[in-house]
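Proteins come first, then strands; the chains are lettered A, B, ... in the order of their sequence lines, and each starts at number 1.
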Amino acid sequence: MAETKLTPQDFAPLHSEREVQSLSRPSLSYWQDAWIRLKANRRALISLYIVIFLLAFTVVGPWFWTIDPSTIDPDQISQPPGANREVVVTAPYEPWSIDSIVVPASGMALVGEPTTQSIRMAWAPMPGAFGYRVYRNHFPVEPGKALGLPLVNILNPDETWFEDRLNLKAQDYYYAVVATDATGNRISDPVSVDVLPERVITAEEAIRRGIASAEEPPAIGTPLKMKLHPLGTDYLGRDMLSRLMHGARVSLFIGIFAPFAYVILGIAYGAIAGFLGGIIDQFMMRFADFVVALPFLLFMIVFKLAFSVGAGESGIFAMLIAMIVLLWPGTARLVRGQILQIREEGYVSAAKLMGANTNYLVLRHMIPNTMGVILVTLTFAVPSAIFTEAFLSFIGMGVAPPTPSWGSMCNEGIKTMLTTPHELLFPAALISITVLVFNLLGDGLRDALDARMRSRE
Amino acid sequence: MWRYAFKRLIQGIITVWFIATATFVAMQMAPGDPLSGEKALSEEIRANLEAKYGLDKHPVQQYFIYMGNLLKGDLGISYTQQNRQVNDIIAEHFPVSAILGVLAIVFAALGGILLGALTALFRNKAPDVIIMFLVILGISVPSFVVAAIAQLSLVNINDLLGFSLLPVAGWGTVQHMLIPALVLGLSTMAFLTRLMRSSMLEIINADYVRTARSKGLPESRIFSRHMLRNAILPVVTVLGPAIAGITTGGFVVELVFAIPGLGRYFVQAVQQLDYTVIMGTTVFYGAFLVLMVIIVDLLYGWVDPRVRLD
Amino acid sequence: MDTASGSSSVLRQLGLYALLTIVGIALLMWAMSWIASVTGSAERTQTAIDPETRSASFLLGDEPPQLDSSKATDALSGMVLGHVMEGLLAYNENNQLTAGVAERWDIRERGATFWLRRDAKWSNGEPITAHDFVYSWRLAVDPANSSQYAFLLYAVKNGEAITQGKMPLESLGVTAIDDYTLEVEFENSTAYFGKLVAFSTYYPINEKFHKSVKDRFGADADTLLYSGPYMIENWVHGASLKMVRNPHYWNPGRGGLDIIDFPYITSDPNARLNLFKDGKIAIAGLSAENLGEAIDRRWQMNAFAEGVVFYIEFNHRPGRVTGNRHLRRAMQLVNDPAELVYKVTKLPGYLPGKSLFPVWVQGVNGFFRQEYPAPEAPVNIEQARWHLEQAKQELGLDEIPPLILLTGDNPLSTLQSEYYQDRFKRTLGLDVRIDKQIFKQRLEKMTAGEFDMVMAGWGPDFDDPLTFGDLFASWNEQNRGKYASSELDAQVRIAQRSVDTQERMDAFGEIQRILFEDAVILPGYERGIVYVVDERLEGVVRRAVGPDPDYTFARIREGS
């Protein structure tokens, strides 16, 4: 037997043989693998692009579309997109002097040029009248039919003239006047006149709106074009596009940050409770029940105070904190339920037997296996956060005006749903798109993160 | 089982006590004076009113008085309707909210489970895509918009038919409940559909399902015994808080459909800083919620025997 | 993985569950319906107008908060009480003050006498006596009852002292000489006392009944005793309220409706309009948003000025920039109520504000505003800027700091504050921050003076200019901006004390001038109401002071 003599060299490590042993495919971590699968999912990818686009719309948009979202244009109220913008310059408004009124011998007649600035009319005195009532209609006067909008009750039989300035548009109007008795009852047949006023703007206003230059003020009668609002205007004549961009700041901020924060909080809380179990679980879950039952509205007020939201500040941060502090228990309960279930699964026991530590068990086995449920919660938390803000606006506790938000825009838009649907449609569509892309992205993520899918590719 | 239930009940009472305390503190912190009105009060009248409601005492003293009354089941007198007991207000309006809420939750839970199961079975096929699209539509439109559109459609349908198919608003009969309950349950139904679909998809691949199938069990049996029953678990978990959410969150629906529920009273109470009504409804709802959670947890043990109740 | 989906047996299983679900829900709903029938009251077949039962249905905007007439303060409770209660005097269909429970009356400089009609009865058949008035008036000033409207009885001798607990209840200057004669002593001469007794705080309360129901007086239909033409038959809180004729009312011929039903209670404007469209209610108020639809549907519309004035009130406390008169003048000169009313609120019936006194207030012989025209400040931006510069100099500021505009949570006031914010920015370059607060928080801030400007409004309590005129007296609790002017105070005292109408109106004219010249407020508008009425209904009375709307004179048109 030859004697083996060991030298220190024998104990030197072998040189690395990585090249020989290398796999044909690079080893991928769980997350890298998930990313590859996500990229392969077309719907999810498109959604991801849309999310990026929405963020760009919010952040970069206002640099390109610089109209101030709180600038009111009383001459372009509730204009749908693509509305006629032609307008003619007119003289500034002068109150009607009584001396210049010529009362017609019979019937009713217009006085002066009818414009959207004012329409003036006068009529022959009616016998036996105690006063008059003037109506404005969109239809010609027909016997037995309603006369339209009652504009004024005049309580003087000698005052046979009226000037209408109420929200005039360049459209056909049919005015009618009736005589009334002392108690305001109608005592005569209507006398009427019809008119198509011309849309006008004063030179001063035109300059202020930036549609005419201040150096050479436009002469009276010059045709101009009103300022362009590609998505129309709202009930105060504010630019919809700009409001949507600025509104996205509030809605997306609340809609993304709040859910992420409280869902993560909920996952951590639920996972700990579910994993530890026993008395700690009991205690933690009772605390969650306690938080769920706290009245959101009341705490909202208190948080506003606690974060000293000053007058005119939007209060969005207080709202965010209130949501995070009060809304996590739903997720926590859900995650805990799942963890309790998974804890009993075979693979968890197996991992435990193999000596896996707690962190590994929770992060590697439990959380990924609850991912499906978590993502559903998250994708639903996005619209519910947006609507919580909208609901707060609905009851007057939302962000301070004039800060727009999609939710409050919906809330305003719903009132004019039938007459000017664009005020509801645009913000509602943006909310829907946001929710849709978060759902598709959530679906894609769920598939991508599903450990079982991994083996199948 | 009964011991567990009893233990939970005791814990529940403690939870409710915490809720009452936290709400009391929050209320004291909230700015504003419950006695102030549009018309300014003279000092003498204010003093009298403060004495009537015990506001002249130190908040700590007020707290103990309130808790004492609470133990006796006396929730005090409303500030805005000074001749009504909060007990009466809850007794009159809670049943309305409860009926509406129960119906909504039943719609939501059953609809959600069935639709969710359906979509999972037809994953990525036409029924799945269509239902999922509707679900997203259902959650992406705020409840005040849904309520308004539903009501407007009702008006137009009645107009078209020439008779009243369903009432536009009000409360009192089955016909009055149908649409409001659907509107109220809609977003929860959408949520549960999604949840159910997601949890079904995980179970379709589960080992025990494969085992059952390889044993040659009929598909319908696998579906109802193994898949449905397991997939329902997450749905059951969220049901408890969802019930409370729906019964309290009915404000918009109650307002639009002119329903005399408690949700309207609560929102008004917060706006009016009606201390006793805020406290009364919060404590009552807190107790209700805790009870629902206990019931759901018991149900959970029943649906899933693996979860030990102790 | 899709092995299960193809199986028709699974689908059948699912179908079975679905069927079971539907059956289950149907059973559940059936079970719920009888529970609901207890908590609600609306019937499915109910219609706006029913000529057979001579009933008409309307909507209540909210639950009436307080039907105890000694404590009621709000317009809604006032409306309901106006139908079921009657005081000594009442308003008729032409809004003239006429006999109510009193058939004759005599108002003198230091007191008044009312002779009650013998056939006036409570809804339980007992006669209404002078003692019922003595009892209710004492109740209103009783410190233990702590009514917020006790101040309305300060006109009666010792009323204020009793409220302050300085004198016994019995010292109130009202006595029942006999069952049908009521003698009143005034604290100071009160020329408008006749208008006061038509107000709900002066309604009678039956002592025996009041004591029998104790704290629950006015909480439910059966804890009230009615003196008016109608009585509440059924009141389901938050859901409905139904009035029927009071069989014991002294004038059974009044009005043409046997039943005045309020089957719905909601403040949602869309719901209101939908109920009208569906033929469930006979009257619906319109908002600017649905005027277009009302015109297109060719509904019969009416408009009237409601009597409430809205304005911006400045904070005059020392240390506030708005205490500077030049700054207020500058804002006054760019304030354009016409633009606000014609372009922003967009409702007919609204009048551009010019004064604290609304147009309907009575003067010496005619309308106050015709006899004392409100001074006007036409928009003048040049001059406004000059005042702004003066203000900056006086205040020693380079820039006016952002002004805080306190506003309420209702949509209309939000709308206006957004308009004002833009308006002041556009014309004067002033930064305005909107502080939108819910009701109690707003009141708290108003009382504490945490604002520069506040959107305020005032509705009349009684039909005399004084209800507006004393608002800015330095001692008035309602003067939240703490405006103090000895000149104005002196005029208010004249208006309160004098019995000479001319002298009083001159004082109000002076008050109007001072408010304008000192730019104490910026008038906004006088609110109006546009509403649609079912064509079959006539005679609904609308009024600025007193119960509004008043259905007690309404009739269903013949042949409908």
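With a threshold of 4.5 angstrom between heavy atoms, C:D215 approaches chain B through N, CA, C or O but not through any side-chain atom. Proximity to chain B is absent for every atom of C:T73, based on heavy atoms less than 4.5 angstrom apart. Heavy-atom distances place no part of B:P218 under 4.5 Å from chain C, backbone and side chain included. Of the two parts of B:Y265, only the side chain, counted from C-beta on, holds a non-hydrogen atom closer than 4.5 Å to a non-hydrogen atom of chain C. Of the two parts of C:D62, only the side chain, counted from C-beta on, holds a non-hydrogen atom closer than 4.5 Å to a non-hydrogen atom of chain B. For B:L35, the part lying near chain C is the backbone, with the side chain staying farther off; criterion is any non-hydrogen pair under 4.5 Å. Heavy atoms closer than 4.5 Å to chain B are found in the side chain of C:L443, but not in its backbone. Contacts of B:R264 with chain C are made by side-chain atoms alone, with heavy-atom separations under 4.5 Å and no backbone atom involved. In this structure, the portion of C:P64 lying under 4.5 Å from any heavy atom of chain B is its backbone and not its side chain. At a 4.5 Å heavy-atom cutoff, the contact between C:D461 and chain B is made by side-chain atoms alone. When heavy atoms are compared at a cutoff of 4.5 Å, C:S147 approaches chain B solely by way of its backbone atoms N, CA, C and O. In this structure, the portion of C:Y149 lying under 4.5 Å from any heavy atom of chain B is its side chain and not its backbone. For a residue to count as touching a neighbouring chain, one of its non-hydrogen atoms must lie under 4.5 Å from one of that chain's; by this rule B:Q268 touches chain C with the side chain only. At a 4.5 Å heavy-atom cutoff, B:I77 makes no contact with chain C through either its backbone or its side chain. In this structure, the portion of C:D409 lying under 4.5 Å from any heavy atom of chain B is its side chain and not its backbone.
Across every non-hydrogen atom of C:I438 and B:V270, the tightest pair is CD1-O, 4.2 Å. The two atoms that bring B:P260 and C:H237 nearest to each other are CB-O, 3.7 Å, heavy atoms only. Heavy atoms only, all atoms of each residue included: C:K277 and B:L152 are closest at NZ-CD1, 3.5 Å. Nearest heavy-atom pair across B:A117 and C:L14 is CB-CD1, 3.9 Å. The two residues B:A169 and C:Y264 have their closest heavy-atom pair at O-CE2, 3.2 Å.
Between atom OG of residue C:S146 and atom CD of residue B:Q82 there is a gap of 6.5 Å, rounded to the nearest 0.5 Å. Remark: B:W171 CH2 to C:I265 CD1 distance equals 15.0 Å, nearest 0.5 Å. The CG atom of C:L28 sits 8.5 Å away from atom CZ of B:F107, with the distance rounded to the nearest 0.5 Å. The line from OG1 of C:T447 to CG of B:D33 is 8.0 Å long, rounded to the nearest 0.5 Å. Summarising the geometry, atom CG belonging to B:D159 is positioned 8.0 Å from atom CG belonging to C:D278; distances are rounded to the nearest 0.5 Å.
Below 30°, between 30° and 60°, or above 60°: for C:Y17 and B:F223 the angle between ring planes is between 30° and 60°, a tilted geometry.
The most heavy-atom pairs under 4.5 Å with chain B, out of C:Q164, C:K214, C:K71, C:M446, come from C:Q164. Looking only at heavy-atom pairs under 4.5 Å with chain B, the residue among C:E63, C:R272, C:R216 that has the most is C:E63. Across B:K52, B:Q81, B:R84, B:H93, the residue that shares the most heavy-atom pairs under 4.5 angstrom with chain C is B:R84.
Donor-acceptor pairing under 3.5 Å is recorded for the side chains of B:N83 and C:Q66. Side-chain N/O atoms of C:Q441 and B:Q271 include no donor and acceptor closer than 3.5 Å.
The main-chain N or O of B:P34 is found under 3.5 Å from a side-chain atom of C:K440 such that the two form a donor-acceptor pair.
Under the side chain to side chain contact (heavy atoms under 4.5 Å, CB included) test applied with C:T266, the options B:V256, B:L255, B:I259 reduce to a single match, B:L255.
A heavy-atom distance below 4.5 Å is found between the side chains of C:P143 and B:N48.
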